[in-house]
Amino acid sequence: MGRAILIIGAGAALIGIIIYALLDCARTPAPQARSLPKPAWLAIILLFPVIGALLWLLIGRPRTAGGATLGSHTASSQTFKAPDDDEEYLRFLDAKAKRQRASQENQRSAQQNPQERKKPRQNPTDENPTDNTDTEIPES
């Protein structure tokens, strides 16, 4: 039983490495593939899965400035910007803070002066809508 689990675990690890190498090779830009052209690497990984995947990981992957590490070429090609360095996000936070301060000020002033709440404005013509003394109706 223990031997079967070991064999299954090793097989799963090999399949994981093969899939990782295949996807890594497919996502790598063609000019960055080392030693062989990218289509040749894909063919080697597919025809000789274990050997091809190991060869890709050891000699085919692009190197970074600090040496070859797993998954490092995808992270170095993308620029990460921390939230406190992103100008658009900082403007959003500033506007949100201003809206919250204004809302809190309005709530405080409404609590302190409840009788001074805004009353709706009335039009002078709205006071008596049935009064038509100012309007002339032509006789026919």
Side-chain angles (χ1 to χ4, degrees):
M1 177 81 174
R3 191 171 187 192
I5 291 175
L6 184 62
I7 292 172
I8 292 172
L14 287 175
I15 290 173
I17 290 171
I18 293 166
I19 291 173
Y20 176 80
L22 189 61
L23 292 176
D24 187 46
C25 181
R27 291 185 64 211
T28 299
Q32 291 183 2
R34 297 185 312 147
S35 304
L36 293 173
K38 181 178 170 178
W41 277 116
L42 288 170
I44 290 172
I45 295 170
L46 288 173
L47 293 174
F48 310 104
V50 177
I51 302 292
L54 292 175
L55 287 174
W56 166 255
L57 293 174
L58 294 175
I59 63 173
R61 292 186 82 231
R63 286 193 183 267
T64 61
T69 57
L70 291 178
S72 61
H73 76 280
T74 56
S76 65
S77 64
Q78 297 173 354
T79 309
F80 176 73
K81 194 179 263 192
D84 58 345
D85 292 337
D86 189 2
E87 293 296 324
E88 183 179 342
Y89 184 67
L90 291 175
R91 282 191 297 273
F92 166 75
L93 288 178
D94 190 40
K96 182 178 176 183
K98 286 179 183 178
R99 286 192 306 267
Q100 286 178 343
R101 281 193 296 268
S103 174
Q104 289 172 352
E105 298 249 343
N106 288 341
Q107 288 176 354
R108 267 193 235 117
S109 65
Q111 289 174 354
Q112 290 173 355
N113 303 322
Q115 68 274 7
E116 293 182 14
R117 290 188 181 174
K118 289 187 177 180
K119 296 178 181 176
R121 292 186 181 183
Q122 292 182 350
N123 245 341
T125 58
D126 288 346
E127 290 176 11
N128 191 359
T130 59
D131 184 21
N132 293 330
T133 56
D134 296 340
T135 315
E136 293 183 21
I137 300 175
E139 296 178 18
S140 42

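Computed from a predicted model, the values in this text were never measured in an experiment.
For the atom pair CG of Leu14 and CG of Leu54, the computed distance is 8.0 Å after rounding to the nearest 0.5 Å. With values rounded to the nearest 0.5 angstrom, Arg3 atom CZ is found 13.0 Å from Ile8 atom CD1. Considering CG of Leu22 and CG of Leu42, their distance stands at 6.5 Å, rounded to 0.5 Å. Residue Arg91 holds its CZ atom at 11.5 Å from CG of Leu93, rounded to the nearest 0.5 Å. The structure places CD1 of Ile18 at 10.5 Å from CG of Leu57, a figure rounded to the nearest 0.5 Å.
Under the 4.5 Å side-chain heavy-atom criterion for Ile, Leu, Val, Met, Phe, Trp and Tyr, Trp56 and Leu23 are members of distinct hydrophobic clusters. Tracing side-chain contacts under 4.5 Å through hydrophobic residues (I, L, V, M, F, W, Y), one reaches Leu46 starting from Leu58; they form part of the same cluster. Both Leu47 and Tyr20 are part of a single hydrophobic cluster, where members link through side-chain heavy atoms under 4.5 Å apart. Grouping the Ile, Leu, Val, Met, Phe, Trp and Tyr side chains by contacts below 4.5 angstrom, directly or via other members, places Ile44 apart from Ile15. Leu36 and Phe48 end up in the same hydrophobic cluster when Ile, Leu, Val, Met, Phe, Trp and Tyr side chains are linked at under 4.5 Å.
Without hydrogens or angle criteria, Thr28 side chain to Asp24 main chain gives a donor-acceptor distance under 3.5 Å. A donor-acceptor pair under 3.5 Å is absent between the side-chain atoms of Lys38 and the main chain of Pro31, judged by distance alone. Here the side chain of Arg34 pairs a donor or acceptor atom with the backbone of Arg61 at under 3.5 angstrom.
Proximity of Trp41 to Leu55: side-chain heavy atoms (C-beta onward) are separated by under 4.5 Å at one or more points.
No more than 12 heavy atoms of other residues, nucleotides or ligands shown are found within 6.0 angstrom of CD1 on Ile51. By the 6.0 Å contact criterion, CD on Gln100 is enclosed, its count of non-hydrogen atoms from other residues, nucleotides or ligands being greater than 12.
Heavy-atom minimum distance, Ile45 versus Cys25: CD1-CB, 3.9 Å.
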